[in-house]
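First up is the structure itself, then whatever we jot down about it.
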Amino acid sequence: MGKQQNTSDFAIAACHGASNTASRILDAAVLEFDELGFEKASFASVAKRSGMSKSLVSYHFPTKTMLGCSVLNTAYPSGIFMGAGRQAESPLAELLSAATSVALHVVHTPLARAALKLRRELEGIADGIPGRYSGWTAHAAGLLGEAQRAELIDATVNIGFHSRLIVGTVAGLISVSESTGSFVTLPSDVNEAIRCQLSVWGPIGDLPVPGVNAENGKLGR
């Protein structure tokens, strides 16, 4: 699929993404990659969507691979897929909320869906793309460790194993939804699955979960 591009390309693209013009191009690229995937996407179409000239798109992102890497970088803040600032005080509530939020993003936001496609298509082409699960596994382990120190879960709980299990559960449910083309129940499936995993350590109570604002359609927690 072409020669592998170096991580320096990825860094340059991320740097360019800070400007307003580049941000508009990235927004257009997200829609392009979400609808068509990497191979079928084109600079000409991205330029048309963004209202920019093709030469301006090429100026900010000299190759399509750099453009794709920049979209991925946007979807993986701090290396965590669709990560966001902490919203819940309880580490277990935060874990459930964050996992459900990922599922909601996959259903409702083109960026999440585009990033899922790009992760598959750019492997082997681009060096330095965000790790598929490493960021989320570390994040889950950190929250479980916090819960353990607060004596919300038993000291004997294997944090490494359960963090991988939680991430694997979410990733597996997303994969099933992609394979079947049905995303309607993904958020509720993820929420229920993680609740079941957390409940093995005892009652989890009424943990808050993210939802979609009925007025603007945006995600919130």
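Predicted, not measured: the structure shown is a model, and the values here were computed from it.
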Derivation and outcome, side chain to side chain contact (heavy atoms under 4.5 Å, CB included), residues Trp136 and Val102 = CA-CA 11 Å; Trp136 255 109; Val102 167; 3.3 Å; yes
For Glu192 and Cys196, run side chain to side chain contact (heavy atoms under 4.5 Å, CB included): C-alpha distance rounded to whole Å, both residues' side-chain angles, the deciding distance at 0.1 Å, then the answer.
-> CA-CA 6 Å; Glu192 182 63 25; Cys196 286; 3.6 Å; yes
Give the C-alpha distance, both sets of side-chain angles, the deciding distance and a yes or no for side chain to side chain donor-acceptor pair (under 3.5 Å) between Arg195 and Asn191.
-> CA-CA 6 Å; Arg195 281 180 181 274; Asn191 185 267; 2.8 Å; yes
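Inter-residue side-chain proximity for Leu67 and Leu26 is flagged as met; some heavy-atom pair is nearer than 4.5 Å. Between Ile194 and Val170, some side-chain heavy-atom pair lies under the 4.5 Å cut-off.
Put simply, Ile166 and Val200 are part of the same group of oily side chains (I, L, V, M, F, W, Y) that touch within less than 4.5 Å, one to the next. Cluster annotation: Leu111 and Val107 are assigned to the same hydrophobic cluster (Ile/Leu/Val/Met/Phe/Trp/Tyr, side-chain heavy-atom contacts under 4.5 Å, transitive). One hydrophobic cluster, built from ILVMFWY side chains closer than 4.5 Å, cannot hold both Leu31 and Met52; they sit in different ones.
The backbone N or O of Tyr133 lies less than 3.5 Å from a partner atom in the side chain of Thr137, making a donor-acceptor pair. Between the Glu94 side chain and the Arg86 main chain, no donor and acceptor come within less than 3.5 Å of each other. Of the possible donor and acceptor atoms, one in the side chain of Thr63 sits under 3.5 Å from a partner among the backbone N and O of Met66. Ser179 places a side-chain N or O within donor-acceptor distance of the main-chain N or O of Ser175, the cut-off being under 3.5 Å. Side-chain atoms of Gln148 come within 3.5 Å of backbone N or O of Ala155 as a donor-acceptor pair. Checked by atom type and distance alone, the side chain of Arg164 pairs as donor or acceptor with a backbone atom of Gly160 at under 3.5 Å.
Nearest heavy atoms, Leu122 versus Cys69: CD1-N, 4.0 Å. When all heavy atoms of Val167 and Ala140 are compared, the pair lying nearest together is CG2-CB, 4.4 Å. For the residue pair Gly83 and Pro77, the shortest heavy atom distance occurs at O-CG, 3.4 Å. The heavy-atom pair separating Leu92 from Ala147 by the smallest distance is CD2-CB, 3.8 Å. Smallest separation of non-hydrogen atoms from Ala99 and Val190: O-CG1, 3.5 Å. A pairwise comparison of heavy atoms in Gln87 and Gly85 identifies NE2-O, 3.2 Å as the closest pair.
Here CD of Gln197 is found 10.5 Å from CG of Leu96. Values are rounded to the nearest 0.5 Å. If you take CD on Glu39 and CZ on Phe33, they are separated by 10.5 Å, rounding to the nearest 0.5 Å. Summarising the geometry, atom CG belonging to Leu143 is positioned 11.5 Å from atom CG belonging to Leu152; distances are rounded to the nearest 0.5 Å. Between the CG atom of Leu186 and the CD atom of Glu178 there is a distance of 9.5 Å, given to the nearest 0.5 Å. Of the inter-residue distances, the one linking Trp201 atom CH2 with Leu144 atom CG reads 5.0 Å to the nearest 0.5 angstrom. To the nearest 0.5 angstrom, Met82 atom CE is 9.5 Å from Thr74 atom OG1.
No cation-pi contact links Lys64 to Phe43, judged by a cut-off of 6.0 Å to the six-membered ring centre and 45° from its axis.
Note on residues 25-35: pairs passing side-chain hydrogen bond (donor to acceptor under 3.5 Å, both in side chains), not counting sequence neighbours, are Glu32-Ser45, Glu32-Arg49, Asp34-Arg113, Glu35-Arg49.
Other residues sharing a hydrophobic cluster with Phe161 under the 4.5 Å side-chain heavy-atom criterion for ILVMFWY residues are Leu165.
Under the ring pair (Phe, Tyr, Trp, His ring centres under 6.0 Å) criterion, Tyr76 pairs with Phe81, sequence neighbours left out.
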